[in-house]
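Everything on this sheet refers to the single structure shown next.
These figures come from a predicted structure and were not determined experimentally.
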Amino acid sequence: MLDQIHLLAAVTVLGVLEQAYFFLQVIHARRAFGISPPRISGPPEFERIFRAQVNSSEYFPIFLALLWQAGLFFHQGLAAALGLLYLYSRYCYFTGYKASSSERLAPLYFGTGVLWILVAVSVLGILHFFLSHYVGFNILQLLTA
């Protein structure tokens, strides 16, 4: 069983570490700009870092759910590769947003595209499972015949 999920687990750990890095960046920015919690406003430089971290945290559960569904129902290797692309796009999003709000857009659009691909392969994998398990209709056998 573990050989079927090890790549997904590795990408998940990388994602958690990335989220921790973003969180630490907010702590550093709070100290640098003298902004104590619960305040969330301050200079634009702080607000961009804060928003980049919050936005990334908001999307993280969606990413994890899609990563695991795509990996379990479609293909672990493809899901893990897409997961790495997504994490890279989120890193570029964070660093771009930190520099300027307009620098976040290209990585944001790219990451959203990766999420949509994860949605598509998840749906295909789950649909294949339901059709083969409950209806006895195996799409893969038809495609290879």
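Applying the side-chain hydrogen bond (donor to acceptor under 3.5 Å, both in side chains) test to Tyr93 and every residue at least two apart in sequence or in another chain returns Asn55. Under the ring pair (Phe, Tyr, Trp, His ring centres under 6.0 Å) criterion, Phe94 pairs with Phe22, not counting sequence neighbours.
The number of heavy-atom neighbours closer than 6.0 Å to CG of Leu24, taken from other residues, nucleotides and ligands shown, is above 12. Around CZ of Phe23, the count of heavy atoms belonging to other residues, nucleotides or ligands within 6.0 Å does not exceed 12. Within a 6.0 Å radius of OH in Tyr88, no more than 12 heavy atoms belonging to other residues, nucleotides or ligands are found.
Residues Ser57 and Gln19 have side chains that bring a donor and an acceptor to within less than 3.5 angstrom of each other.
At a threshold of 4.5 Å between non-hydrogen side-chain atoms, the residues Gln25 and Lys98 count as touching. Residues Phe73 and Leu127 fail the side-chain proximity criterion, which asks for heavy atoms closer than 4.5 Å.
Residues in residues 106-127 take part in no side chain to side chain donor-acceptor pair (under 3.5 Å) pair, two or more places apart or across chains.
Checking Leu66, Leu78, Ile126 one by one against Val121, the side-chain contact (heavy atoms from CB on, under 4.5 Å) holds for a single residue, Leu78.
Ring centroids of Phe63 and Tyr59 are separated by 6.0 Å or more, keeping the two rings apart.
The closest donor-acceptor contact from the side chain of Arg39 to the backbone of Arg30 lies at 3.5 Å or more, if one exists at all. Although no hydrogens or angles enter the test, the distance criterion places no donor-acceptor pair under 3.5 Å between the side chain of Glu103 and the main chain of Thr95.
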